[in-house]
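Computed from a predicted model, the values in this text were never measured in an experiment.
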Amino acid sequence: MYECKYPNLFSPIKLGNTIFRNRIFASPTGMFYADVAHRPIYETNCYYELKAKGGAASVCVGDATVDAAHGAHGAYSIHMEDPGLMPALNKLSSEINRHGAVATLEMFHAGSAASVSYAAGNDIYGPQEEMVQGALGHPAVPVKAVTREFMDKVITKHVEGALKAKNCGFGMVTLHFAHGFLMHQFMSPTLNHRTDDYGGSFEKRMRFPLETLRAVREAVGPDFPLELRISGSEVYEGGYGVDYGCQVAQAFDGIADLIHVSAGSHEDARVFTVTHPSMFLEDGVNVKYAAEIKKHVKKSKIATVGALSDPGMLEEIIASGKADVVEMARGLICDPDLPNKARQGREDEITNCVRCFTCFSSLIGHGQIVCALNPEIADESEQKYARPPARPRKVLVAGGGVAGMEAAATCAARGHEVILCEKSDRLGGVLLCEDDVPFKKHMRDYLRKQAEKVRQAGVEVILNTAVTKELARELSPDAIIFAVGAEPLMPDIPGIGGANVLMATVAYAAPEKVGQRAVILGGGLAGSELAIHLGNLGRDVTVVEMMPRLNFGDNFLHGQAVGIELNRVGANVATGTRAVEITEAGVKGESEQGAAFYEADTVIIALGFRAKREEADALRLCAPEFHQVGDCLSVKTVYEATRTAYHIAMGIGER
């Protein structure tokens, strides 16, 4: 007999006059597919629909701008003032609602953070006239003071936007009063320096936001669910704390049906990786703010968000009364089926978000949300109607790392006969060396689950076996997928063969071999993250990097988190410095400033990898089809390896 393991998590909740099927809400993520009029298109709908099909009770479309001229922050956001928006908005809500979820629309005004409006040549407004530093290192911009006339227009735009959302099939509206945007700017004693009727005291700072919320409530009626997003604490030094956040929530209590308690500011680099928790923070790091606020409100329900994806933790949050609703953004990008899997007792099949920021960095840098672990994201519309292969094939996969496991599992799921050979005694590849790194625990779990997925899919796994030309001919596959990874680069530096020199993979796997003073050669992610790990273990660490800055590739938001952690552990970073010799006492370096010596008990090489192209060439003509994926083609990220492996596997047997 079926028994739900998470009865509190999967109990319904009533907001307004609407029943939500469980307590898992897909929190707002902005639209990144749009036509020239900023209207959602088919790909947009498929992205949000996937979360509804996966079992979330509410699926929120984020960042709908109520004032495109003066309040736009996202380049692709819906413009609520658009008179021709209705058909596209109705279609979007329909594709969410038809799966039993409640389609929700988040509306906001960016205020002094309206970078897109400013870039378009328009004036932007905040609580007072000032120069405001742009987010993510952008230059400061001039901001005009909001007038009473401007407030009235913004209130009207919120009302009109909420009514349009309601009329277009959205069952709830979220008002974004958090994260450093306009309403937060007014509520915050840190950001609001006015001395008139809208600043100088708590009551005055709250006046404009309360006017806006009350006007929307009156317009949509008492039975229509309203969600309100606030920052329970600004988190950064000098910002308000949770005590003030409780006052804010009390002011909104009973007007909003659901108070969504986040933290920090999207616009402040000091706490961006707390608002959107990095892998270096504990799971559920921001739940404490919701839990405290819930003690101080009487009528509104409370939602929490941030670093959540474990069903056991979600159940405990609801069962213990810390919050009434749990919300996830990246957790449901990484695995949109998380609610269904948890409800059905398939927790071990959940792909937990590793909080690597690949999704967010890609959105900002390339205008597209992707996921390092879920290759369907950004291709939802293609996968929606994926057909089985025309002809099942025999597929030999060489290499059991990230790319090899993804390729093998996908091929097997599509009906192919699959053999996976791995030269070591475990599946997982080079990332296995990070098994005992606390902030990589979700990656460790991912590798374990992928290995189990491979076995459950019926793949024949042969360990301690490298694929040779002779083995390939013996097995006679129709297709070979070559995914054997790469090998570490060993530069020609005098002394690199010394007894005090370790490869990064060894230092990760056996940190006890690293002395008290460590110098890491290479400031990419591998070297920088190793410096954090060793710093957490109490070592004195120096990172030496030839380039002018540490190299995080496209993932600059994770790089931001790495920088914060390097500072926290006290790591020394020497950029623009070339290692010219390794001695028993340390590393001799040269930079534009001259020569320097970095004392070390252990020198660690983290200078990247070399693709194994020669090994691939040996097998290239051993099967009718041959594919290279992952680092053996060119050294890539987990995202690139997973995505390429998945799509190559999807293509085998199609023609």
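The cationic atom of Arg207 (NZ for Lys, CZ for Arg) does not lie both less than 6.0 Å from the six-membered ring centre of Phe186 and within 45° of the ring axis.
Using a 4.0 Å cut-off between charged side-chain N and carboxylate O, Glu237 and Arg270 make no salt bridge. Under a 4.0 Å N-O distance rule, the pair Lys91/Glu95 qualifies as a salt bridge. Under a 4.0 Å N-O distance rule, the pair Asp283/Arg355 qualifies as a salt bridge. Taking 4.0 Å as the cut-off between side-chain N and carboxylate O, Arg148 and Glu211 count as a salt-bridged pair. Ion pairing between Lys157 and Glu160 fails under the 4.0 Å rule for side-chain N and carboxylate O.
Side-chain contact between Val102 and Phe25: absent, with no pair of heavy atoms (C-beta onward) separated by less than 4.5 Å. Two residues are said to be in side-chain contact when any heavy atoms from C-beta on lie closer than 4.5 Å; Arg23 and Ser11 meet this criterion. Leu332 has its side chain out of reach of Thr29: every pair of non-hydrogen atoms, C-beta onward, lies at least 4.5 Å apart. For the pair Ile78 and Pro40, the minimum side-chain heavy-atom distance is below 4.5 Å. Side-chain contact between Val248 and Met206 is present, with at least one heavy-atom pair separated by less than 4.5 Å. In this structure the side chain of Asn22 never reaches within 4.5 angstrom of the side chain of Tyr6, judged on heavy atoms. You'll find the side chain of Ser278 reaches within 4.5 Å of the side chain of Phe357, heavy atoms only. Side chains of Thr304 and Val261 form no contact here, defined as non-hydrogen atoms less than 4.5 Å apart.
His176 and His179 have perpendicular rings, their planes meeting at more than 60° on a 0 to 90° scale where under 30° would count as parallel.
Arg98 contributes no side-chain N or O that, together with a main-chain N or O of Glu49, makes up a donor-acceptor pair within less than 3.5 Å. A donor-acceptor contact shorter than 3.5 Å is absent between the side chain of Asp63 and the backbone of Tyr76. Using modelled atom types, one side-chain atom of Gln185 and one backbone atom of Gly180 make a donor-acceptor pair closer than 3.5 Å. At distances below 3.5 Å, at least one donor-acceptor pair connects side-chain atoms of Ser27 with backbone N or O atoms of Ala329. Of the possible polar contacts, one joining the Asp324 side chain to the Ile302 backbone as a donor-acceptor pair under 3.5 Å is found. The backbone N or O of Met80 lies less than 3.5 Å from a partner atom in the side chain of Lys164, making a donor-acceptor pair. One N or O on the side chain of Asn97 and one on the backbone of Ala103 form a donor-acceptor pair closer than 3.5 Å. No donor-acceptor pair closer than 3.5 Å links the side chain of Asn192 to the backbone N or O of Pro127. Checking side-chain atoms of Asp223 against main-chain N and O of Gly16 turns up no donor-acceptor pair under 3.5 Å. No donor-acceptor pair closer than 3.5 Å links the side chain of Thr65 to the backbone N or O of Ala68.
Minimum heavy-atom separation, Ala72 to Ser117: N-OG, 2.9 Å. In plain terms, the two heavy atoms of Arg21 and Ala56 that are nearest each other are NH2-O, 2.8 Å. The two atoms that bring Ser528 and Phe552 nearest to each other are OG-CE2, 3.8 Å, heavy atoms only. Taking both residues in full, the closest heavy atoms of Tyr47 and Lys51 are given as OH-NZ, 3.2 Å, listed atom of the first, atom of the second, then distance. Val116 and Gly74 make their closest contact through CG2-C, 3.8 Å (heavy atoms, listed as atom of the first residue, atom of the second, distance). Across all their heavy atoms, Thr273 and Ala561 have their closest contact at CG2-CB, 3.7 Å.
Between the side chains of Thr104 and Glu227, no donor N or O sits under 3.5 Å from an acceptor N or O. When only modelled atom types and interatomic distance are considered, Tyr639 and Ser362 share no side-chain donor-acceptor pair under 3.5 Å. Looking at Glu267 and His73, their side chains do bring a donor and an acceptor atom within 3.5 Å of each other. Under the 3.5 Å distance criterion, with hydrogens and angles disregarded, a donor-acceptor pair is assigned to the side chains of Glu529 and His558. Side chains of His296 and Asp253: no donor on one and acceptor on the other come within 3.5 Å. Side chains of Ser309 and Asn352: a donor-acceptor N/O pair is present below 3.5 angstrom, by distance only.
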Side chain to side chain donor-acceptor pair (under 3.5 Å), that's the test. Do Asn555 and Ser361 meet it? Break it down for me. CA-CA 5 Å; Asn555 198 346; Ser361 289; 2.8 Å; yes

Show the numbers, then the answer: is there a side-chain contact (heavy atoms from CB on, under 4.5 Å) between Phe10 and Glu315? CA-CA 9 Å; Phe10 288 99; Glu315 171 72 8; 5.9 Å; no

Could you go step by step and tell me if Met313 and Val326 meet the side-chain contact (heavy atoms from CB on, under 4.5 Å) rule? CA-CA 10 Å; Met313 174 178 281; Val326 288; over 6 Å; no

Just do the side-chain contact (heavy atoms from CB on, under 4.5 Å) check on Cys353 and His442 with the steps written out, would you? CA-CA 7 Å; Cys353 173; His442 290 304; over 6 Å; no

Any chance you could lay out the side-chain contact (heavy atoms from CB on, under 4.5 Å) test for His366 and Asp554, step after step, and finish with the verdict? CA-CA 9 Å; His366 303 288; Asp554 270 356; 2.8 Å; yes

Would you sort out whether Phe108 and His184 count as a ring-ring contact (aromatic ring centres under 6.0 Å, His included), showing the intermediate values? CA-CA 11 Å; Phe108 90 125; His184 180 179; over 10 Å; no

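Note that CG of Leu9 and CD1 of Ile318 are 6.5 Å apart. Values are rounded to the nearest 0.5 Å. Distance CG/Leu175 to CG/Leu105: 10.0 Å, rounded to 0.5 Å. The distance from atom CD1 of Ile259 to atom CG of Leu228, rounded to the nearest 0.5 Å, is 6.5 Å. Rounding to the nearest 0.5 Å gives a distance of 10.0 Å between CE of Met183 and CG of Leu210. In this structure, CZ in Phe202 is found 5.0 Å from CD in Gln247, a value given to the nearest 0.5 Å. Atom-to-atom distance recorded for Gln128:CD and His193:NE2 is 5.5 Å, nearest 0.5 angstrom.
Environment of NZ in Lys288: crowded, with over 12 heavy atoms of neighbouring residues, nucleotides or ligands closer than 6.0 Å. Heavy-atom neighbours of Lys294 NZ from other residues, nucleotides or ligands within 6.0 Å: above the threshold of 12. In the displayed structure, Glu282 atom CD is contacted under 6.0 Å by more than 12 heavy atoms of other residues, nucleotides or ligands. Dense packing is recorded around NZ of Lys204, with more than 12 heavy atoms of other residues, nucleotides or ligands lying under 6.0 Å away.
Between Phe280 and Phe439, the ring center distance clears the sub-6.0 Å criterion.
If you run side chain to side chain contact (heavy atoms under 4.5 Å, CB included) between Glu234 and each of Thr275, Val274, Val242, Thr190, only Thr190 comes through. Partner of His109 under the ring pair (Phe, Tyr, Trp, His ring centres under 6.0 Å) criterion, chosen from Phe150, Phe181, Tyr125: Phe150.
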